[in-house]
K.L.:
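Quick one: the structure is below, and I'll ask about it shortly.
It should be emphasised that the depicted structure is a prediction, and the values quoted were computed from it without experimental measurement. In what follows, every heavy atom counts, from backbone to side chain, and hydrogens, waters and symmetry copies are set aside.
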Amino acid sequence: MESEQLYSRGYCRTGYSSYNSITSASSDEELLDSAGATMDFHTTEDDNLLDGDAASSPGSNYVMSNGGGVASSTTHLLDFLEEPIPGVGTYDDFHTIDWVREKCKDRERHRKINSKKKESSWEFSKSVYDAWSGWLVVTLTGLASGALAGLIDIAADWLNDLKEGVCLSAMWFNHEQCCWTSNETTFAERDKCPQWKSWAELILGQAEGPGSYIMNYFMYIYWALSFAFLAVLLVKVFAPYACGSGIPEIKTILSGFIIRGYLGKWTLLIKTITLVLAVASGLSLGKEGPLVHVACCCGNIFSYLFPKYSKNEAKKREVLSAASAAGVSVAFGAPIGGVLFSLEEVSYYFPLKTLWRSFFAALVAAFVLRSINPFGNSRLVLFYVEYHTPWYLFELLPFILLGVFGGLWGAFFIRANIAWCRRRKSTRFGKYPVLEVILVTAITAVVAFPNPYTRQNTSMLIKELFTDCGPLESSQLCQYRSQMNGSKAFNETPNRPSAPGVYAAMWQLCLALIFKVVITIFTFGLKVPSGLFIPSMAIGAIAGRIVGIAMEQLAYYHHDWFIFKEWCEVGADCITPGLYAMVGAAACLGGVTRMTVSLVVIVFELTGGLEYIVPLMAAVMTSKWVGDAFGRAGIYESHIRLNGYPFLDAKEEFTHTTLAREVMRPRRSDPPLAVLTQDDLSVEELQAVISETSYNGFPVIVSKESQRLVGFALRRDITIAIENARRKQEGIVLASRVYFTQHAPTLPADSPRPLKLRSILDMSPFTVTDHTPMEIVVDIFRKLGLRQCLVTHNGRLLGIITKKDILRHMAQMANQDPDTIMFN
């Protein structure tokens, strides 16, 4: 980090602390609801460090001693607090970690291990174990992520085919596997074999006719509703955190926020089961985003096996960054793309060693998935394709137009989905998540079944749209009129006139496009695991395939136009519609997520062709520019804002000319700042200040008169230290004097034993002057991961700026209501 030079010895104290900007929600479902949460700033802990009650609290008459002398009555003091206090330095739920303190704790731990490793072979072994624990934890994470991804892929394919029928010879086979060994399949109907029976054949005994169609229709809807109901029920009852994509929360957690249980064992188990059910239900969602959440759960669980990571929240986030790379690696079969995704999209702090470990985790996860071979094609993904026709310069124009479409779709989707999620939270409909899931599933199943392109699994749809037409393809999209060259047919499929099957497929694709665009808006944000990668890619692939077929027919019927004459000969294979589908998929996904580099690499790894990087780059950059014209935030940043998570996006620029004194609190109309004096409070007075306020920390000053800053103490650390002192040290009573100085103040001989709390005091909190530009303050908060900084004038304490104050101020500068952007 750039801030290494700013770390001083003061940050290494046990009590270095910082604020948090969030209080807990009343329920898990409120926390994860994708609707517009409103914040109540008057009930939060961390930014309300301002209070006037402390000024009038008991102990207003101060006789200060700056610690210069040592009282005779304190010569027998037991300074038990010089030892680490259990619980001090930890964080409550819905609080933000202190990156500087955690980094310093890790450096102290590292120095201690290095200083002892030459003392004995045991200490040397411990140092070696510590050095290799990082590689070990990412190896375990990669192994678990790959294994779970393979299990999810296999189970989802089997359940998805269960909606249409069952394999009598082996119940555990899906449709494709069931017909592998059959000798009675034909080229035109390779998916039909006696071993596979549709539900109409099993129940009615007939495979064709209106009755058979209605029965299959009914069973399709029945299984879709059953899977969706079971998924939402498991999420609601056992793990409310298992719903949604998980990427907005992962981004927030990686920025330093604490959400207890979000990456726990129950969440992992329920998310794995319900992800299979949600995908099999036919809803317009994907499993790729939730796989990142699953991988991060694995990384979090394995990090508890190693003290290096379990006791340090900043180090744990390095493991989570590597885990997110492994998740994308197994989701798309793109290890390099996964590393770049972690770097570009989700990680807040990404040092070089995390890059190496992310690369290794992605490698291990991809290797395990390849060993499992869930798709039976010796590939990491279902829709791996290869093209053999080069692209031509003129084709950049339709590629850029697809990029424009992707940007417009992304901007429209983000606004529509956020508006629906906000409405869901503000109306009674949002109180019935099970009913909403059932309703959306029923509409999806009823509308999807008649159209073969919406009935099939979305991944299978993308595979069909990506695939280039060849002599072995039986898809309706490849039903061109055959042409003969002499007595020999073309081995390669040239540009040919479309047959009625292609025109019918075009109409079905247009209907599928409209349906996917509308239903995805209402699906993303349901209380089931739901990813957005696959639905966005499907929409782009449909649009791209339509454009590709149109270009292909244009080149056939108008080959004498100047744009085709130079490079497209009559009967030659000039246009590849599958390539247009691939470019459209990348453009739409880029428009929704605003990813660039990682997205191009992911799609490149999907297709295996370096030759098509330029079209992909052109389409993705165009989609980003068009989308940014309507708003810079992608879908994940928009949901972070909607839920009010305390996330300072490094991509946003702060260009306003305000000063720190204009943002700090207290303001002119506010009560004075709640502070503690360094050696003038009793335990009873200190507990009164804590019980009468809800603030997360207190500046410590020399005296009320001088207002000279001494340090900063956290509410949680003070409470734990007092409880620990009463339990372990005799003589600590309500009248005991509390002091934060090095030496005890001069006290009467009959005074009770004083309580020393210097070890929990941060002696070097970050401070800025009241004339510091807010542009610099925001940059400091982003790069150092601060939770608060104190504002001084000529050394005197004036006020405080918290992370929440900055978020509120940025919203105000953007003409937004600051009281509606924070999480409650």
Side-chain angles (χ1 to χ4, degrees), residues 1 103 106 110 113 126-153 246-247 250-251 253-254 263 268 288-289 291-310 312-374 379-381 595 597-602 604-606 608:
M1 262 173 104
K103 185 72 177 175
D106 183 62
H110 190 64
I113 290 175
K126 287 171 63 177
S127 69
V128 172
Y129 172 75
D130 180 79
W132 277 94
S133 60
W135 295 101
L136 190 55
V137 70
V138 297
T139 301
L140 293 173
T141 302
L143 291 171
S145 301
L148 286 175
L151 179 66
I152 289 170
D153 288 335
I247 292 181
I250 296 296
K251 287 188 70 166
I253 289 171
L254 287 176
L263 301 176
L268 173 63
E288 281 65 23
L291 277 175
V292 176
H293 187 186
V294 168
C296 286
C297 287
C298 296
N300 180 66
I301 291 169
F302 286 124
S303 68
Y304 282 100
L305 302 177
F306 305 90
K308 176 180 179 180
Y309 296 100
S310 63
N312 192 297
E313 293 292 341
K315 296 293 291 181
K316 186 184 296 181
R317 275 149 182 78
E318 295 179 14
V319 176
L320 297 182
S321 292
S324 63
V328 174
S329 173
V330 295
F332 290 103
I336 306 298
V339 176
L340 293 175
F341 173 84
S342 179
L343 173 62
E344 179 184 2
E345 188 64 21
V346 297
S347 292
Y348 193 83
Y349 174 60
F350 203 81
L352 190 59
K353 61 183 175 182
T354 303
L355 176 69
W356 300 333
R357 288 172 182 168
S358 299
F359 181 81
F360 186 69
L363 166 69
V364 172
F367 173 77
V368 173
L369 186 65
R370 173 64 182 79
S371 303
I372 295 174
N373 193 18
R379 303 291 183 184
L380 289 174
V381 288
M595 294 190 299
V597 180
S598 57
L599 176 58
V600 170
V601 174
I602 286 171
F604 149 64
E605 289 186 88
L606 284 179

K.L.:
Just wondering, do S321 and V346 contact through their side chains at under 4.5 Å, heavy atoms?
P.N.:
no
K.L.:
Hey, does M595 have a side-chain heavy atom less than 4.5 Å from the side chain of F341?
P.N.:
yes
K.L.:
Could you tell me which non-hydrogen atom of N312 sits nearest to which non-hydrogen atom of A314, and how far apart they are?
P.N.:
OD1-N, 3.1 Å
K.L.:
Can a side-chain donor-acceptor contact be found between S358 and S342 if the only test is distance below 3.5 angstrom?
P.N.:
no
K.L.:
For C296 and A323, work out which heavy atoms get closest and say how close.
P.N.:
CA-CB, 3.8 Å
K.L.:
Quick one, P351 and T354 - any side-chain contact, counting heavy atoms below 4.5 Å?
P.N.:
yes
K.L.:
Using side chain to side chain contact (heavy atoms under 4.5 Å, CB included) as the criterion, list what pairs up with L355, not counting sequence neighbours.
P.N.:
V339, F350, L352
K.L.:
Return the CG to CD distance between D106 and E313, rounded to the nearest 0.5 Å.
P.N.:
12.5 Å
K.L.:
What's the separation between atom OG in S347 and atom CG in L254, rounded to the nearest 0.5 Å?
P.N.:
5.5 Å
K.L.:
If the condition is salt bridge (charged side-chain N to carboxylate O under 4.0 Å, His left out), which residues does K251 pass it with, not counting sequence neighbours?
P.N.:
E345, E637
K.L.:
With a 4.5 Å limit on heavy-atom distance, are the side chains of F332 and E288 in contact?
P.N.:
yes
K.L.:
With side chains defined as the heavy atoms from C-beta onward, is the minimum distance between S310 and S303 less than 4.5 Å?
P.N.:
no
K.L.:
Mind checking what makes salt bridge (charged side-chain N to carboxylate O under 4.0 Å, His left out) contact with K353, not counting sequence neighbours?
P.N.:
none
K.L.:
Before giving the answer on side-chain contact (heavy atoms from CB on, under 4.5 Å), spell out for E605 and I336 the whole-Å C-alpha distance, their side-chain angles and the decisive distance to 0.1 Å.
P.N.:
CA-CA 8 Å; E605 289 186 88; I336 306 298; 3.6 Å; yes
K.L.:
Using ring pair (Phe, Tyr, Trp, His ring centres under 6.0 Å) as the criterion, list what pairs up with F360, not counting sequence neighbours.
P.N.:
W135
K.L.:
Report the distance from atom CD of E318 to atom OH of Y309, rounding to the nearest 0.5 Å.
P.N.:
6.5 Å
K.L.:
Please report the shortest heavy-atom distance between A326 and A361, naming the atom on each side.
P.N.:
CB-O, 3.9 Å
K.L.:
Donor-acceptor pair, distance only, cut-off 3.5 Å: does the side chain of S145 make one with the backbone of G142?
P.N.:
no
K.L.:
Should L268 and C298 be marked as a side-chain contact (heavy atoms from CB on, under 4.5 Å) after you check the CA-CA gap, both sets of side-chain angles, and the distance that decides it?
P.N.:
CA-CA 8 Å; L268 173 63; C298 296; 4.2 Å; yes
K.L.:
Could you tell me whether Y348 atom OH has more than 12 heavy atoms of other residues or ligands within 6.0 Å of it?
P.N.:
yes
K.L.:
Please list, chain by chain and in numerical order, all residues satisfying salt bridge (charged side-chain N to carboxylate O under 4.0 Å, His left out) with R357, sequence neighbours excluded.
P.N.:
none
K.L.:
How would you list, by chain and number, every residue that makes a salt bridge (charged side-chain N to carboxylate O under 4.0 Å, His left out) with E344, sequence neighbours excluded?
P.N.:
none
K.L.:
Can you find a pair of side-chain heavy atoms, one from T139 and one from F302, that are under 4.5 Å apart?
P.N.:
no
K.L.:
Using 0.5 Å steps for rounding, measure from the CG atom of L263 to the CG atom of L320.
P.N.:
6.0 Å
K.L.:
Hydrogens and angles aside, do K308 and Y129 bring a side-chain donor and acceptor to less than 3.5 Å of each other?
P.N.:
no
K.L.:
Distance check, rounded to the nearest 0.5 Å: L140 atom CG versus L143 atom CG?
P.N.:
6.5 Å
K.L.:
Heavy atoms only: give me the nearest L369-P374 pair and the separation to one decimal.
P.N.:
O-CD, 3.4 Å
K.L.:
Just so I know, are the side chains of K316 and N300 near enough to count as touching, which here means a heavy-atom distance under 4.5 Å?
P.N.:
yes
K.L.:
Could you walk me through whether H293 and I247 pass side-chain contact (heavy atoms from CB on, under 4.5 Å), step by step?
P.N.:
CA-CA 7 Å; H293 187 186; I247 292 181; over 6 Å; no
K.L.:
Could you pull out the closest heavy-atom pair between V330 and A366, with the gap in Å?
P.N.:
CG1-N, 4.3 Å
K.L.:
Atom CG in L148, atom CG in L291: separation rounded to 0.5 Å?
P.N.:
9.0 Å
